[in-house]
Amino acid sequence: MEVRRIYIIFFLMLVVSFSYAQSWRDTLRLGQELYRKGEFDKAYKTLLSAQKIAPTGVDLSQDIGNAAYRAKDYELSQKAYSATVANQKNSAQQANSWHNTGNSQMMAKNYQGAVESYKNALRLQPDNDETRYNLAVAQRELKKQEQQNKENQQDKQNQQDKKNDSSDSKDANSQDQKDKQNQNENQQKPSQGNSENQDKKQSEGQLSDQKSDRILDDLLKQEMETKKKIRKIEQSNDPKNSVNSGKKW
């Protein structure tokens with residue numbers, strides 16, 4: 001009885017294992033079929049599913065990288081190609097994986113990464129003319145990218161400087177306008193001290209005129225009195241105005 005139970009468990013394990021193996025292989029074949037049909041987006045997603053359920057030691061990175069590259073998912077293809085390097089058996093295969101990694105980085109405009117990947121490929125396979133050519137292109141594009149980044153940074157700095165200059169100019173103009181306004185207000189509005197001085201001078205002028213008028217009146221009066229006295233004296237000395245005191249005989 002015990003032996004029969006063990007046999008049944010072993011049989012079930014074989015069935016499950018066979019079904020499991022058949023599942024990931026079927027998924028792999030489906031992904032490869034989709035790739036051949038040109039349905040690259042579906043292909044690399046299907047191949048990813050196959051990799052998840054595949055037994056340990058089965059590496060589908062190369063197939064996934066090819067499908068992802070054709071689907072223009074260059075970030076995934078770069079990761080897939082990089083993962084294949086450690087599992088390659090010889091330097092030529094490793095060089096090919098580095099070359100493909102560089103191609104994915106070039107398409108993603110990661111020129112610095114592409115330069116390093118192509119250099120790694122050439123270290124393993126120095127006579128590969130295609131890799132050497134791609135390296136030259138990546139280096140040229142990297143210089144252009146760095147120059148463009150430098151120019152963009154300079155443009156941003158120039159714009160910031162202009163903005164700062166404009167702000168300083170506005171502040172200066174505003175201050176000048178305030179100073180002019182204050183100056184005009186000071187010119188138009190006399191100080192209280194000046195007003196008091198002007199009122200005092202005007203009052204003193206009026207007093208001086210009144211005093212002069214009084215003095216002039218006094219002089220005229222004195223002159224008239226003097227003339228009166230002179231006229232009386234003259235009249236008293238005139239013979240015509242004298243009175244005869246003798247008797248008429």
Side-chain angles (χ1 to χ4, degrees), residues 35 38-48 51 59-88 90-186:
Y35 183 87
E39 299 181 27
F40 304 114
D41 186 64
K42 293 181 180 180
Y44 90 79
K45 291 179 180 178
T46 303
L47 291 169
L48 278 174
Q51 180 68 79
D59 183 16
L60 305 179
S61 299
Q62 185 69 38
D63 292 331
I64 294 171
N66 292 338
Y69 185 88
R70 293 297 185 89
K72 297 182 180 180
D73 189 340
Y74 302 117
E75 182 177 358
L76 179 59
S77 65
Q78 171 189 338
K79 292 178 180 179
Y81 287 136
S82 298
T84 63
V85 174
N87 296 325
Q88 298 296 349
N90 55 61
S91 60
Q93 290 177 339
Q94 290 177 347
N96 184 63
S97 295
W98 280 119
H99 179 93
N100 291 335
T101 301
N103 288 346
S104 296
Q105 292 167 325
M106 281 289 291
M107 297 302 295
K109 296 184 179 180
N110 179 11
Y111 303 121
Q112 181 65 56
V115 168
E116 296 303 321
S117 295
Y118 291 137
K119 286 182 177 180
N120 289 334
L122 288 173
R123 291 187 183 100
L124 297 168
Q125 199 175 33
D127 298 333
N128 192 316
D129 293 334
E130 184 178 356
T131 302
R132 188 179 293 107
Y133 174 81
N134 288 0
L135 173 61
V137 174
Q139 289 173 330
R140 183 173 66 248
E141 293 299 324
L142 177 60
K143 288 182 180 179
K144 290 169 60 177
Q145 187 181 63
E146 290 175 345
Q147 181 63 29
Q148 185 63 43
N149 291 339
K150 184 178 180 180
E151 291 176 358
N152 291 339
Q153 185 65 28
Q154 186 63 40
D155 289 341
K156 289 181 180 180
Q157 185 63 42
N158 292 338
Q159 291 177 0
Q160 185 64 36
D161 291 342
K162 288 181 180 179
K163 185 177 180 180
N164 293 337
D165 292 341
S166 176
S167 178
D168 293 342
S169 177
K170 288 180 180 179
D171 292 341
N173 291 335
S174 177
Q175 186 62 39
D176 290 341
Q177 290 177 355
K178 289 181 180 179
D179 293 341
K180 289 180 180 179
Q181 184 177 359
N182 293 334
Q183 185 177 3
N184 292 334
E185 290 177 354
N186 292 333

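Hydrogens, waters and symmetry mates are skipped; everything else that's a heavy atom, side chains included, is used. Keep in mind that what you see is a predicted model, and the values were worked out from it rather than measured.
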Got a sec, which pairs hit ring pair (Phe, Tyr, Trp, His ring centres under 6.0 Å) with one end in residues 124-160, sequence neighbours left out?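 The answer is none; no pair qualifies.
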Closest approach of [X] and [Y], non-hydrogen atoms and distance?
| X | Y | result |
| --- | --- | --- |
| His99 | Tyr118 | O-CE2, 3.6 Å |
| Ala114 | Ala138 | CB-CB, 4.2 Å |
| Gln145 | Lys109 | NE2-O, 3.2 Å |
| Ala121 | Ala95 | CB-O, 3.5 Å |
| Ser77 | Gly65 | CB-O, 3.5 Å |

Please list all pairs meeting salt bridge (Lys or Arg N to Asp or Glu O under 4.0 Å) that have one or both residues in residues 73-84, counting only residues at least two apart or in different chains.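 Applying salt bridge (Lys or Arg N to Asp or Glu O under 4.0 Å) to every pair that reaches into residues 73-84, excluding sequence neighbours, yields Glu75-Lys79.
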Measuring from atom [atom1] of [X] to atom [atom2] of [Y], what distance do you get when rounded to the nearest 0.5 angstrom?
| X | Y | atom1 | atom2 | value |
| --- | --- | --- | --- | --- |
| Glu130 | Gln125 | CD | CD | 10.0 Å |
| Asn134 | Leu122 | CG | CG | 9.5 Å |
| Asp63 | Leu47 | CG | CG | 6.0 Å |
| Glu116 | Leu135 | CD | CG | 9.5 Å |
| Thr101 | Asn110 | OG1 | CG | 11.5 Å |
| Thr84 | Gln62 | OG1 | CD | 5.0 Å |

With a 4.5 Å limit on heavy-atom distance, are the side chains of [X] and [Y] in contact?
| X | Y | answer |
| --- | --- | --- |
| Asp59 | Gln51 | yes |
| Trp98 | Leu124 | yes |
| Tyr44 | Asn66 | no |

Qualifying residues under ring pair (Phe, Tyr, Trp, His ring centres under 6.0 Å), relative to Tyr111, sequence neighbours excluded: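 Not a single residue meets the ring pair (Phe, Tyr, Trp, His ring centres under 6.0 Å) criterion with Tyr111.
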State, without any angle test, whether Asn158 and Gln154 hold a side-chain donor-acceptor pair at a distance under 3.5 Å.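 Present: a donor and an acceptor within the cut-off.
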Test of understanding: with salt bridge (charged side-chain N to carboxylate O under 4.0 Å, His left out), list the residues that count as partners of Glu141, not counting sequence neighbours.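 For Glu141, the residues satisfying salt bridge (charged side-chain N to carboxylate O under 4.0 Å, His left out) (neighbours in sequence not counted) are Lys144.
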So, using salt bridge (charged side-chain N to carboxylate O under 4.0 Å, His left out) as the criterion, who are the partners of Asp129 when residues are at least two apart?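 Applying salt bridge (charged side-chain N to carboxylate O under 4.0 Å, His left out) to Asp129 gives Arg132.
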Main chain of Ala92, side chain of Asn96: is a donor-acceptor contact present, judged purely on distance under 3.5 Å?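 Not confirmed, Asn96 side chain does not pair with Ala92 backbone.
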Donor-acceptor contact present, side-chain Tyr69 to main-chain Gln78, <3.5 Å: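 No, because the side chain of Tyr69 does not come within donor-acceptor range (under 3.5 Å) of the backbone of Gln78.
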So, using side chain to side chain donor-acceptor pair (under 3.5 Å) as the criterion, who are the partners of Gln147 when residues are at least two apart?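 Glu151.
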Taking it one step at a time, do Met106 and Val137 satisfy side-chain contact (heavy atoms from CB on, under 4.5 Å)? CA-CA 9 Å; Met106 281 289 291; Val137 174; 3.8 Å; yes
